[in-house]
Amino acid sequence: MGRLLPRTPRELARLIARLTPLRAEVLGGSLVLSRTDCATRTAAVRLLADGLRAALDAAVLVGPAPEGGLLVGRALPVAMPFDPDDFAVPDLVVRSAAGPCAAAAEPGGGLLGVREVLLAVEVVPRQEKAGEPGHRMDWYAVACVPALLVVDPRYGTWALHTGPDRTGYRETLAGRFGEEVPLPAPPGGVLATDGVPRYAEGAPD
């Protein structure tokens, strides 16, 4: 029976992801669980994914793409290069198409290396506790993910963080829903945020 029990945080996260609808991550050695059944958040992620694909298509028309091209992936686990257990599951990533394909929402079943990730996108959950967005942002900076876009439907705002140096992101550009996000190259181009939904005040999701 003992052999069937998970022995590491990553194994436990993989088990939870298989048996429940929760998003399971290991950040800084701690297991972090979040809901994935919020209709507003799901709609925001879908709209942003469509916008990123449109931005990639437009970028190809004006300049050369990285070898193999770029893809938009959803719920693909990204490994921390300096820790055997840590991994994050961003809502969206722009990644190199030349890298191996990770199984969606399957921690441990194929993790993306940070060298494959050009942009991570996080949509802040309604129930996010104080301090959690900063902790997550620090994780991506330590992992040296080149760019992190944090979209917050609670307040109708977004923040693009770039220039990681393993202590934090050196540059931040903030805006509101309806304003375009200038994406760093690659992929370049702009991401429209018109129509990204906000959480309705007092709604249960």
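Computed from heavy atoms alone, side chains included, the values below leave out hydrogens, waters and symmetry copies.
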- Please round to the nearest 0.5 Å and tell me the distance separating atom CG of Leu149 and atom OG1 of Thr162. 11.0 Å
- Query: Heavy-atom distance under 4.5 Å between the side chains of Thr36 and Pro21, does that happen here?
  - Reply: yes
- Query: Are any side-chain N or O atoms of Thr193 and backbone N or O atoms of Glu180, one a donor and one an acceptor, separated by less than 3.5 Å?
  - Reply: no
- Task: Quick one: closest heavy-atom pair of Phe177 and Pro197, and the distance?
- Result: CE2-O, 3.7 Å
- Task: Mark yes or no for whether Glu25, through its side chain, and Val89, through its backbone, hold a donor-acceptor pair below 3.5 Å.
- Result: yes
- Could you pull out the closest heavy-atom pair between Leu56 and Pro187, with the gap in Å? CD2-CB, 3.0 Å
- Note on the structure: Test side-chain contact (heavy atoms from CB on, under 4.5 Å), reference Val117, set Val145, Leu76, Leu148, output is Val145
- Ignoring hydrogens and geometry, is there a side-chain-to-backbone donor-acceptor pair from Trp158 to Arg176 under 3.5 Å? yes
- Query: Atom CG of Asp86 and atom CG of Leu27: how far apart are they, to the nearest 0.5 Å?
  - Reply: 6.5 Å
- Message: Between Leu191 and Leu173, is there shared hydrophobic-cluster membership here, with clusters defined by ILVMFWY side-chain heavy atoms closer than 4.5 Å?
- Response: yes
- Message: Do Tyr140 and Glu122 make a side-chain contact, defined as non-hydrogen atoms from C-beta onward lying under 4.5 Å apart?
- Response: yes
- Task: Answer yes or no: is there a side-chain heavy-atom contact under 4.5 Å between Val94 and Pro186?
- Result: no
- Message: Main chain of Val124, side chain of Arg154: is a donor-acceptor contact present, judged purely on distance under 3.5 Å?
- Response: no
- Item | Val45 backbone acceptor or donor facing Asp91 side chain under 3.5 Å | no
- Query: Are Leu33 and Leu12 connected, step by step, through hydrophobic side chains (Ile, Leu, Val, Met, Phe, Trp, Tyr) whose heavy atoms are closer than 4.5 Å?
  - Reply: yes
- Which atom of Tyr199 lies closest to which atom of Cys38, heavy atoms considered: CE2-SG, 3.7 Å
- Residues Pro184 and Leu160: closest non-hydrogen pair is CD-CD2, 4.0 Å
- Message: I'd like to know whether Val26 forms a side chain to side chain contact (heavy atoms under 4.5 Å, CB included) with Thr8, so could you lay out the CA-CA distance, the side-chain angles of the two residues, the decisive distance to 0.1 Å, and finally the verdict.
- Response: CA-CA 10 Å; Val26 180; Thr8 67; over 6 Å; no
- Which pair of non-hydrogen atoms, one from Phe87 and one from Ala13, has the smallest distance, and what is that distance? CZ-CB, 3.6 Å
- CG/Leu48 to CZ/Arg53 distance, rounded to the nearest 0.5 angstrom? 11.0 Å
- Item | Rounded distance [0.5 Å steps], CE in Met80 versus CG in Leu111 | 12.0 Å
- Task: Report yes if the side chains of Val150 and Arg136 come closer than 4.5 Å at any heavy-atom pair, otherwise no.
- Result: no
- If you round to the nearest 0.5 Å, how far is CG of Leu52 from CG of Leu183? 6.5 Å
- Message: Would the distance check show the side chain of Arg95 and the main-chain N or O of Gly113 forming a donor-acceptor pair, the cut-off being under 3.5 Å?
- Response: no
- Arg41 side chain to Val123 backbone, donor-acceptor under 3.5 Å: yes
- Interatomic spacing from CG in Leu71 to CD in Glu116 - rounded to 0.5 Å: 11.0 Å
- Item | For the student: nearest non-hydrogen atoms of Asp83 and Asp85, plus distance | OD1-N, 2.7 Å
